[in-house]
Amino acid sequence: MNRRSWLSWLGVSAAGSLASRSAVSESQPNSRTWVLSIESFHVRQADQMPRLHSYLGGDFLSFFGQIHRGPKMFLEAIVAPHTPQALFLAAFPSFDEMIETRRKLAAHHGIQRARADLESGEVPVVEQAQSQILITTHDSLRFDMRPTSRETSVFELRSYHAPAWRDRPPATVHAAFRRAGIHTILNASTAAGEHLPRFTYLIPFQSLAVRQEAWARLDVDQEWISLQRESVGTYGSEAKVTSASIYSLAPYSPLS
Amino acid sequence: MSWTFKIFPSIGVARIGNNRSSSPQDFYVGPEIPGTVIVQPNGDKDSSGQVMRQAARFRIYGWENGVFMGEITSSVANITWTVELANTKAAFNRFGGIGHTDRPLRNASITDRSSLMITPGARTITGPNQAAAFDTGLFMGIPVPLGEIQTDAAGRLLVLGGFGASSSPTNAPLTTFANNDGWHDDVSDGPVTATVSLKGTKKPIQASGAWVICPPPRFAPPIFHIISLYDALLQTAVDRLGYKVPAIPSFTNDVFPILQRALRYQWVTTKIGNKHAEISADIPPPATADQRNAVFEALRDPAITPTVDTPHLMPAIWTDFFADVFLIRGHGSPNTGHWANHALTPTQYNVMKNWAAGNFINDWVGPPSPDTNITPDGLTRAALENCSGGPFFPGIETSFFTRDVYPYVEPFRLDGTQLEAGDLSKEQAIPWQTDFFDCVFQSPLSWWPASHPDDVFTATSNNYVTWDRGLNSFSDMVNFWSGLGFLVQSGDSVIETERTL
């Protein structure tokens with residue numbers, strides 16, 4: 001998604017989302033699902049981040065909070081293929097509600113003004129925006145379970161390409177995660193795109209060091225090792241990490 | 001989970017300048033995105049006419065179990081940088097050209113060889129906003145500062161080179177373009193290493209190292225070399241590391257840059273002038289087969305023995321083997337002299353061969369815009385494409401050793417364990433200004449006009465003028481190099497600015 005799409009996210013055009021909607025409809029396992037929108041905003045220069053945060057945490061969040069009923073979270077990248085970067089996650093009860101929310105955002109004069117301010121100047125703040133839509137069940141999205149310490153905690157957004165997991169990761173995967181100290185607050189499948197089936201996790205850790213130790217424990221977990229071996233035997237490859245980025249919580253991010 | 005870290009650019013370029021300030025407003029960071037030209041808001045010189053230094057900025061990128069994670073800054077890690085700069089030119093062999101590396105030593109009569117080597121040693125800094133100077137090196141007992149290192153607020157490394165100060169403690173005369181005993185300059189090079197400790201972890205991890213070279217300024221930033229150091233070291237990767245380039249070239253990414261560079265040489269040498277104008281007919285593609293073949297047939301085949309003359313073939317720059325052609329064989333015919341020109345790299349030549357045959361991807365939608373993202377590989381390419389990839393006689397930023405001899409652990413990344421600080425510049429002319437003075441158009445060919453223009457336009461003249469007019473000797477270049485003008489893009493033209501001679 002380029003800067004033009006950044007406008008479309010705000011509802012100027014929803015055409016790009018319709019194909020995704022079809023894919024979502026086909027993949028919805030049941031009615032108790034969240035449609036999760038993950039938007040990443042790439043900024044060219046670090047000194048422009050305060051302006052983006054001012055927008056997201058100010059006018060945008062103020063109005064969005066009025067029209068949106070689901071969980072939401074704002075993060076800032078600390079290790080990612082592109083930095084500086086802000087990430088906005090919002091869950092919607094349905095795809096229709098997501099579209100309607102976007103429409104309201106795009107029509108709101110205050111948002112339009114704030115967005116115009118963000119785009120003004122010689123170098124617009126948002127250089128590129130990328131969007132993905134995930135599907136998750138209600139009990140797989142627990143933003144309220146994250147650590148309470150805003151200062152030290154980090155969040156990892158990690159995606160696996162795992163043909164052996166088919167529609168959803170087996171329970172043994174999550175059991176191995178828990179044994180290793182990896183407590184996901186989101187696990188979701190991707191509705192459309194590359195490397196399908198793809199499963200995405202949002203995982204809070206108390207610190208980078210805790211994160212390191214947790215993944216190291218998973219690497220030597222016997223059941224995890226067995227799962228990976230079976231995957232190789234059946235599908236020719238392990239569950240493979242396709243992307244992983246580490247974020248901190250934005251100061252204004254809601255707690256749920 | 002295991003992390004690996006690498007420093008980028010794998011070879012960085014910090015250019016010297018006689019503005020000695022280390023304040024951020026008094027230097028600039030070199031290109032970090034391929035295809036970009038750094039344009040200083042107030043020019044390349046300060047208000048008193050001193051040339052600002054170009055810093056090389058190094059960043060660390062991390063991979064976790066092979067998955068690219070991104071840049072590692074001080075927000076997530078404790079980073080310790082170690083850099084060593086050295087200038088060992090005066091203790092190395094006299095330069096004699098490729099195939100003549102068994103030459104006698106420079107300053108052969110001096111037995112204390114260490115007194116000829118400016119080796120301040122390594123400097124180490126940890127964390128953001130730190131600095132250390134390479135100010136303890138000596139040449140024949142006289143201090144010769146080589147620059148400094150800094151970290152920025154994110155913990156990235158900035159390397160700043162020397163000040164263009166060349167002198168002779170013994171008041172020796174300047175007699176040759178490359179080997180002047182008793183002289184020193186303050187260009188340098190050396191390894192850049194780092195250890196990375198992710199916050200909260202105990203064991204530091206050594207990042208894959210890089211190298212920095214601190215050569216003279218590049219006075220024609222908008223003009224790219226027809227053979228850049230990136231092209232030359234890409235060929236090294238192909239030849240020695242088995243690196244694969246696409247079998248079918250892209251017009252936009254592979255062919256167009258070569259055509260464009262050839263076209264733009266009109267701004268730095270009257271030798272080209274408007275003779276390349278017909279190349280414009282090849283853009284946009286596909287052009288006709290005859291048009292494409294006309295360009296290709298004008299190129300020297302790199303398979304031809306370098307010392308063989310190929311009159312009027314391109315590019316019109318001298319061979320690496322100038323010693324054998326000119327100094328040993330003599331001057332050639334009175335009209336043209338020898339035309340032993342430097343061929344494109346085999347990879348570049350193959351690109352043009354495929355294009356001429358119609359075997360290329362026509363992906364043209366207009367001149368490509370530079371990327372907007374800083375990437376690891378882009379950092380290296382941006383640094384190297386602004387350096388000359390030949391001729392290396394001995395060359396201006398580095399020597400043919402870097403292309404032909406020194407070992408690499410991966411494409412564009414030298415094996416620092418087998419090299420010493422100073423190795424990448426030790427064969428260069430001492431002082432650099434003498435070679436810089438000599439490497440003007442030398443009939444019938446040029447040297448590296450994208451670094452040292454032959455002829456330029458000024459804001460007030462539509463006729464070519466000699467770029468280094470007014471400098472008439474080696475000594476003049478030593479004393480007044482910073483008065484030379486820098487070239488800038490001005491509308492559709494490239495003109496000289498900031499000349500203070």
Side-chain angles (χ1 to χ4, degrees), chain A residues 2-3 40 42-47 49 76-85 122-124 126-128 130 151-154 156-161 180 182 195 205-221 224 228 238-248, chain B residues 1-6 8 24-25 28-29 32-33 36 38-39 41 57 59-79 128-129 151-156 196-205 207 365 369-379:
Chain A
N2 54 24
R3 287 188 59 244
S40 63
H42 295 184
V43 174
R44 179 173 293 190
Q45 297 165 357
D47 59 9
M49 276 304 282
E76 179 172 348
I78 53 177
V79 182
H82 182 98
T83 54
Q85 177 197 151
E122 281 187 20
V123 182
V126 177
E127 180 179 80
Q128 188 181 45
Q130 293 180 343
E151 289 74 25
T152 61
S153 59
V154 297
E156 179 170 4
L157 191 67
R158 165 182 290 239
S159 293
Y160 283 95
H161 171 53
I182 298 159
H195 303 302
F205 295 100
Q206 290 292 351
S207 68
L208 284 171
V210 169
R211 172 187 175 276
Q212 285 284 97
E213 292 161 5
W215 290 119
R217 280 194 292 273
L218 183 71
D219 279 346
V220 296
D221 184 280
W224 173 256
Q228 293 286 54
E238 296 182 334
K240 195 171 180 180
V241 179
T242 55
S243 66
S245 297
I246 302 171
Y247 299 83
S248 61
Chain B
M1 304 297 288
S2 68
W3 282 82
T4 55
F5 301 107
K6 293 184 180 183
F8 288 90
Q25 67 270 20
Y28 64 96
V29 176
E32 294 189 305
I33 293 176
T36 56
I38 303 290
V39 179
R57 179 156 54 192
R59 303 164 187 251
I60 292 173
Y61 287 87
W63 285 256
E64 191 176 41
N65 285 0
V67 176
F68 177 62
M69 298 293 289
E71 187 185 358
I72 306 298
T73 65
S74 55
S75 67
V76 294
N78 296 314
I79 302 169
N129 302 314
T151 47
D152 66 14
R156 302 177 184 115
V196 182
S197 302
L198 292 173
K199 285 187 174 172
T201 61
K202 292 173 183 151
K203 189 178 174 187
I205 298 172
V365 291
S369 298
D371 198 351
T372 54
N373 290 328
I374 289 174
T375 64
D377 291 340
L379 286 168

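Lettering follows sequence order; numbering is per chain, from 1.
- In this structure, OG1 in T372(B) is found 7.5 Å from NE2 in H82(A), a value given to the nearest 0.5 Å.
- Interatomic distance, OG of S207(A) versus NZ of K199(B), reported as 11.5 Å (0.5 Å rounding).
- Two residues are said to be in side-chain contact when any heavy atoms from C-beta on lie closer than 4.5 Å; V76(B) and I246(A) fail this criterion.
- Nearest heavy-atom pair across A244(A) and V67(B) is N-CG1, 4.3 Å.
- Within the model, atoms CD1 of I78(A) and OG1 of T73(B) stand 8.0 Å from one another, a figure rounded to the nearest 0.5 Å.
- Contact check for I72(B) versus V79(A): side-chain heavy atoms found under the 4.5 Å cut-off.
- Counting only N and O atoms by type, the side chains of W3(B) and Q212(A) include a donor and acceptor under 3.5 Å apart.
- Between N373(B) atom CG and E127(A) atom CD the span is 5.0 Å, to the nearest 0.5 Å.
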